[in-house]
Structure formats: C-alpha cells, structure tokens
Amino acid sequence: MPHALKIVLAEDSVLLREGLVGVLARFGHEVVAAVGDAEALKSAVESYGPDLVVTDVRMPPGLTDEGLRAALDLRAANPALPVLVLSQYVQRAYAAELLDTGDGAGVGYLLKDRIGQVEQFAEAVERVAAGGTVVDPEVVRQLLRRRRDPLAALTPREREVLGLVAEGRSNGSIARELVVTEAAVGKHIGNILGKLDLPPAQESHRRVLAVLAYLRA
Amino acid sequence: MIRTVVRDVPRSVAYLLSGVLVGAPLMAALLVMGTLGLALTPVLVGLPLLALVALSGVPVGALERLRLRLLGSGTPTAPHTTPAEPGLAAWARLRLTERATWRELAYTFLLGFLLWPLDVLVLVGALGVPGALMGAPLQLSVSGGDTKIAKLWLIDTYGQALLCTATGTVLLLALLWPLALYARARAALARLLLAPNEAEDRRRLAEVTRSRARLVAAFEAERRRIERDLHDGAQQRLVSLSMTLGLLRLDAPPELADRLASAHREADQVLVELRELIHGIHPQVLADYGLTDALADAADRSAVPVEVDVDLPRFPESVESAAYFAVREALANIGRHSGAERAWLGGRYEDGRLRVQVRDDGLGGADPSAGTGLTGLADRLAVLDGTLSVHSPAGGPTVLSLEIPCPTR
C-alpha cells in the first residue's frame with residue numbers, strides 16, 4: 001500500500017468533486033481541500049502544501065482553461081509540485097503545455113472518462129505523485145496516428161512501447177501488457193531512445209524526454 | 001406588332017380603368033382630408049389629419065405597385081425599410097423621414113388630380129369616340145329620326161351611320177397602339193416614383209447582409225450553449241455514474257461484479273460518444289488556443305494522415321469557427337470520398353487576409369455543388385466576405401482554398 005497522499009482537488013462540478021473525494025479516500029488518500037475555482041486552488045495549495053494537485057481544465061469564472069492555467073502557474077512557482085490535470089477533451093495542446101513544465105516530471109494529463117476506472121485512476125494518481133508522467137492513452141493514440149518524423153523511424157512495436165511509456169507505465173507493467181519479458185522491453189526502450197537521439201542520462205528522465213519528443217512531433 | 005397590340009390592349013385598358021377607379025375616390029378623399037386638415041389646424045385637430053394626408057402615399061404606393069402587375073410586368077419591391085421598433089409611432093416617424101414616402105405622396109397627388117382625369121380622357125378618346133361612331137346604326141334605329149353621334153355629329157340616314165361605323169373602326173384600330181403606349185408611359189412614371197432607387201436598393205442589400213450575419217452569429221451562440229449544457233450537465237453526470245460503478249465493482253461479490261462491469265462498459269461507451277459529439281459541436285481548443293492548435297487537432301483526428309503547416313494569430317471568433325469547420329468538412333470529405341493517402345493543410349495570414357488550403361493526393365472530381373456540406377460552408381464564409389474555392393479535376397489532386405479578409409484579435 002503506497003503512503004497516503006495529501007491532495008488538493010479543484011473541480012467546479014459539486015457532483016464530481018464529491019465523487020473524486022470518495023474515490024481518493026477509498027484508496028487511502030486524504031483530500032485536504034476541495035475547491036471550485038482557480039483562485040481558491042492557488043490559495044489552498046499555498047496553505048496546505050499538498051503532495052499532489054488534481055485539477056479540472058475548465059473552471060470558473062471564465063469556464064475556459066482557468067484550471068490548466070492555474071496548474072501551469074503552480075508548476076512555474078514550484079516545478080517539483082506534482083499536478084494531475086483532468087480534462088473533458090483530448091487535447092494535445094493542453095498536454096504539451098503541461099509537460100513543458102519541470103521537464104514533465106510529476107505531471108499527468110487524463111481524460112475525465114478515466115476516473116471511472118478507479119483502480120487505474122488511483123495508480124495514475126500515485127505515479128504522478130511519485131514524480132512520474134502520465135499522458136492519457138487517447139492523446140497517445142492520436143499522436144501515434146500522426147506517424148511523422150522523428151517517430152517515423154520507430155517500428156510499430158517500438159511505437160507501441162513508447163505509447164505505453166507515455167502513459168507512464170513501468171517496464172514491468174509494459175512487459176505484462178505486451179506479454180514479453182522485461183528485458184525485451186528494456187531493449188525496445190533503448191532502441192527508441194537511440195532513434196530519437198536522446199543523450200544518455202538518467203533513464204527515467206530520458207523516458208520523459210521521449211514522451212515529449214512524441215508530443216512535439 | 002399586331003400580336004403585341006392584341007395582348008397589350010386589354011391589359012392597358014384594365015390598367016387605365018382601374019386607375020380611374022383608384023384615382024376618383026382618391027381625389028375626393030384628398031380634398032376632404034386636406035381641407036378639413038387645413039381648416040382645423042388652428043385647433044390642432046387638423047395636424048394629425050394632415051399627417052395622414054402626408055402618409056397617404058404609402059398605401060396608395062403599395063396599391064399602385066400591385067396594379068402594375070396588370071400590365072404583365074413584375075411588381076417593384078417596396079422602397080421602404082422595416083422599422084427597428086414595434087409600434088405605430090415608430091412606423092410613422094420612420095416613414096416621414098424616408099424620401100420614398102415623399103415620392104409616393106407626389107405620385108398620389110399626381111394620380112388624384114392629374115393622372116386619372118388624363119386616363120379618362122385617353123380611354124374616352126381611344127375607345128369611347130370610335131365606339132360611339134361604330135354604334136351609330138344602332139343609335140339611329142333606337143332614336144328613329146335623327147341623332148347626334150358622340151354629341152358631335154348630327155346624322156339622319158343609315159348611309160351616314162354606316163360611314164360612321166367604318167370611320168369608327170379605322171379610328172379604333174389606329175388608336176389602339178397609342179393607347180397601349182400611353183399605358184406603358186403611365187406605368188413607367190409610376191415605376192419611377194414608386195420603385196426603390198439605387199441608394200435604397202443598396203441599403204436593402206446591406207440590411208440583408210447584416211441580418212444574415214446576425215443569423216450566423218445566433219447560430220454560433222446556440223452551438224456554444226448546447227456544447228456548454230452537454231458539458232456541464234450530461235457529461236458530468238455520466239462521469240459521476242462511471243465513478244460510482246467503478247467503486248461498486250471494487251467491493252462487489254464476483255457474480256455481481258461481472259454484471260456491474262458490463263454496465264460500466266456501457267456507461268464508458270456513452271461517455272466516449274458524448275465526448276466526440278461535444279467536440280463536434282464546438283471544440284474547446286478552438287476557443288482556448290485558436291485556429292493553429294484547433295486545425296492541428298482536426299488533422300490529428302483525420303482518417304487520412306495530414307501534414308500540417310499552419311501558423312496563425314488569433315482572429316475574431318466568427319472567423320476562427322468558420323475556417324475551422326470548413327477545414328474539418330474538407331478533411332472529412334477527403335477521408336470519405338477522395339481515396340487519398342495523404343493530405344496537406346496550410347494556413348497563413350498575410351495582407352489582412354486569412355488563407356487556408358487543404359490539398360490531397362486523391363482521385364479528384366469533387367463537385368462542390370453536389371454536396372450540401374461545402375455549399376453551406378461557402379455560405380458561412382460569404383457572410384464574412386470570405387470565399388471558398390474547390391479545384392478538383394478528374395484524376396486529382398483536389399485543392400480546397402478559403403480566404404477571409406479579417407483583422408487579428
């Protein structure tokens with residue numbers, strides 16, 4: 001059982017806010033503040049110093065992308081603050097902007113649809129809080145369809161692996177998904193990093209860069 | 001010419017006769033109202049009456065425009081504008097300031113005091129006199145001894161009477177053509193005073209253009225409202241339902257968990273469909289990030305791989321949404337009909353004009369007039385003074401270009 005997280009939640013729909021508090025509580029996390037607009041989100045983060053921020057994109061007062069803007073501001077002020085953004089839409093632009101902050105470590109961009117898959121959602125929450133990167137499979141799927149350089153150099157299998165990396169999966173999890181050995185996954189990832197011309201550095205950091213290459217393609 | 005006369009004469013007669021029927025009572029009404037109005041002006045009751053006289057041209061003009069139809073040509077449109085506010089007072093104020101009202105009033109006075117007596121004179125001269133001459137034998141037989149034809153010529157024999165008939169017939173035939181000519185000239189005068197002039201036509205066109213733009217804007221606002229309603233209502237509830245089902249599954253006994261799982265799948269499927277539907281109505285990325293990102297997003301969703309080279313500033317909402325939906329329709333068409341393997345999407349803003357081009361390597365032969373989709377988009381661009389052109393020779397390639405003159409936001 002991962003340790004309990006202190007979470008600040010921003011979601012303007014009361015129905016969803018209550019539901020999210022329930023889901024997070026079910027997995028042992030504590031929502032220290034559940035707010036309904038972007039300004040309240042910022043002050044809640046200031047006063048509670050949470051382990052993770054979960055926020056909706058569309059928020060009052062303008063009901064456009066205030067939640068995302070607030071998340072970007074929070075990340076700019078504190079790049080180490082993990083932020084998970086929930087969106088009603090698959091939007092590469094949102095995900096890309098978010099991943100540009102703090103080199104994409106400790107950020108997540110998920111469709112609201114995923115909350116219903118509570119276990120996967122809880123996993124994503126924990127992964128982001130632990131400094132991982134989570135990109136919604138739907139965004140990844142769209143990106144895969146584009147098949148443009150530099151991704152054109154990747155084999156279908158490598159693209160598949162990169163897709164799962166972008167979703168924030170660990171090598172073990174990818175190996176189980178594709179029914180191969182973990183060593184095979186490691187080899188694929190090595191090839192991907194090579195083809196994307198990413199400099200050798202700490203592996204998890206390069207993984208994020210690979211995902212970014214993906215999003216910027 | 002004979003055929004023209006045969007066709008025109010009955011029409012001309014009908015036109016002139018009905019003119020008399022309108023003109024004679026009109027004269028009486030104008031005289032009564034004018035005199036009363038002038039006489040009562042000192043006690044102020046006369047002023048409304050005089051205003052009524054001033055406005056009398058409006059219904060007379062409308063009737064006279066209708067009456068032009070008797071000559072077989074079209075009815076001119078009314079030269080008046082529609083009042084912006086309801087109410088009789090607003091209507092009267094507007095009418096009294098319009099030039100057309102005073103042209104109609106001038107025509108009304110002309111009709112009441114000059115034209116209809118002239119019509120009578122022409123009808124009597126061209127039909128009455130020859131008619132009387134032609135009827136001479138009959139008149140003679142009725143009177144017995146002698147009789148005066150058309151109160152002019154005294155005759156007393158049937159020989160003279162027959163001569164009269166012959167003269168009358170010739171005269172009638174000779175006068176039919178001038179009669180038709182007179183009616184035509186009369187109608188031309190009416191048209192000159194009662195039809196809208198050039199400036200009024202231009203203003204009307206501007207009005208139509210504005211109202212079309214208003215319609216499109218209203219349509220756009222409604223689109224937004226529906227999108228927001230679905231987003232804030234149905235979508236949130238479904239997510240909440242899916243969340244509840246997800247939590248229930250965690251704690252349910254296995255046999256129940258299976259059934260919950262299938263309900264959960266249903267709910268998620270509906271969510272996916274709803275999300276796509278909402279996106280189709282109005283994508284949020286267009287409002288938040290503008291055309292560059294929205295077009296890239298549309299390209300992402302295209303069935304055919306699209307190479308995107310778009311670099312655009314922000315434009316007014318109406319421009320962004322018209323351009324976006326045009327491109328999406330174009331991409332959908334490429335996916336459905338073109339057989340293309342690749343497509344290119346380019347967008348630039350230069351010299352105050354937004355230019356977007358969608359190209360594919362498909363079979364070509366696209367006919368923009370065949371589908372309602374592109375026509376509708378062309379209409380929408382036309383509201384913004386924009387143009388849509390489709391170049392698609394058989395064998396390809398198809399190039400769709402759109403151009404909108406617009407400021408940046």
Side-chain angles (χ1 to χ4, degrees), chain A residues 11-27 56-58 60 62-69 86-97 110-122 138-149 152 215-217, chain B residues 224 227-228 230-251 260-261 263-276 278-279 282-290 292-308 342:
Chain A
E11 161 64 61
D12 61 308
S13 153
V14 179
L15 198 66
L16 283 193
R17 200 158 66 210
E18 296 305 313
L20 275 166
V21 171
V23 168
L24 292 167
R26 172 67 177 70
F27 288 90
D56 187 9
V57 171
R58 180 135 107 175
L63 289 177
T64 58
D65 58 353
E66 279 90 341
L68 179 72
R69 299 275 148 237
L86 300 176
S87 171
Q88 213 82 311
Y89 324 92
V90 193
Q91 225 59 265
R92 189 156 47 97
Y94 295 151
E97 251 189 287
L110 275 185
L111 272 179
K112 278 192 181 171
D113 301 15
R114 310 291 169 220
I115 309 171
Q117 305 297 328
V118 288
E119 284 169 298
Q120 287 173 32
F121 175 68
E138 188 65 28
V139 177
V140 173
R141 196 176 60 79
Q142 266 190 27
L143 290 166
L144 282 170
R145 280 219 312 250
R146 290 165 62 81
R147 302 190 185 175
R148 287 181 43 200
D149 291 331
L215 288 162
R216 294 194 184 109
Chain B
R224 292 284 183 102
E227 185 254 349
R228 186 150 294 178
L230 285 176
H231 174 96
D232 292 342
Q235 207 176 14
Q236 310 280 353
R237 282 174 184 278
L238 268 173
V239 170
S240 172
L241 169 68
S242 167
M243 210 156 37
T244 310
L245 286 171
L247 279 179
L248 281 176
R249 278 173 66 190
L250 283 185
D251 305 319
L260 279 173
H264 200 179
R265 269 196 304 278
E266 286 291 317
D268 283 352
Q269 194 51 42
V270 176
L271 253 178
V272 171
E273 281 169 22
L274 186 66
R275 178 154 45 80
E276 287 303 311
I278 293 176
H279 186 87
H282 193 97
Q284 190 62 27
V285 70
L286 185 59
D288 292 349
Y289 290 86
T292 307
D293 283 297
L295 291 181
D297 173 71
D300 281 350
R301 290 160 188 270
S302 160
V304 175
V306 185
E307 214 163 289
V308 184
R342 297 189 70 77

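Order of the sequence lines fixes the chain letters, A, B, ..., with proteins taken first and strands second; residue numbering starts at 1 for each chain.
- For a residue to count as touching a neighbouring chain, one of its non-hydrogen atoms must lie under 4.5 Å from one of that chain's; by this rule B:Leu247 touches chain A with backbone and side chain alike.
- For A:Leu15, the side-chain contact (heavy atoms from CB on, under 4.5 Å) partners two or more places apart in sequence, or in a different chain, are A:Ser13, B:Arg237, B:Ser240.
- A donor-acceptor pair shorter than 3.5 Å cannot be found between the side chains of B:Gln284 and A:Asp65.
- For B:Arg228, the parts lying under 4.5 angstrom from a heavy atom of chain A are both the backbone and the side chain.
- The candidate from A:Thr64, A:Leu68, A:Ile115 with the greatest count of non-hydrogen atom pairs under 4.5 Å with chain B is A:Thr64.
- For A:Arg114, the side chain to side chain donor-acceptor pair (under 3.5 Å) criterion is met by A:Asp136, not counting sequence neighbours.
- For B:His264, the part lying near chain A is the side chain, with the backbone staying farther off; criterion is any non-hydrogen pair under 4.5 Å.
- Closest non-hydrogen pair, B:Gln235 versus B:Ile278, comes out as OE1-CD1, 3.4 Å.
- If you take OG on B:Ser242 and CD on A:Gln117, they are separated by 6.0 Å, rounding to the nearest 0.5 Å.
- When the candidates A:Gln88, A:Glu11, A:Lys112, A:Glu18 are compared by the number of heavy-atom contacts under 4.5 Å with chain B, A:Gln88 comes out ahead.
- In summary, A:Arg69 and A:Glu97 engage in a salt bridge, as defined by a charged side-chain N under 4.0 Å from a carboxylate O.
- Interface remark: of the candidates B:Asp297, B:Val272, B:Leu250, B:Thr244, B:Leu250 forms the most heavy-atom pairs closer than 4.5 Å to chain A.
- Both the backbone and the side chain of A:Leu20 come within contact range of chain B, each with at least one heavy atom under 4.5 Å from a heavy atom of that chain.
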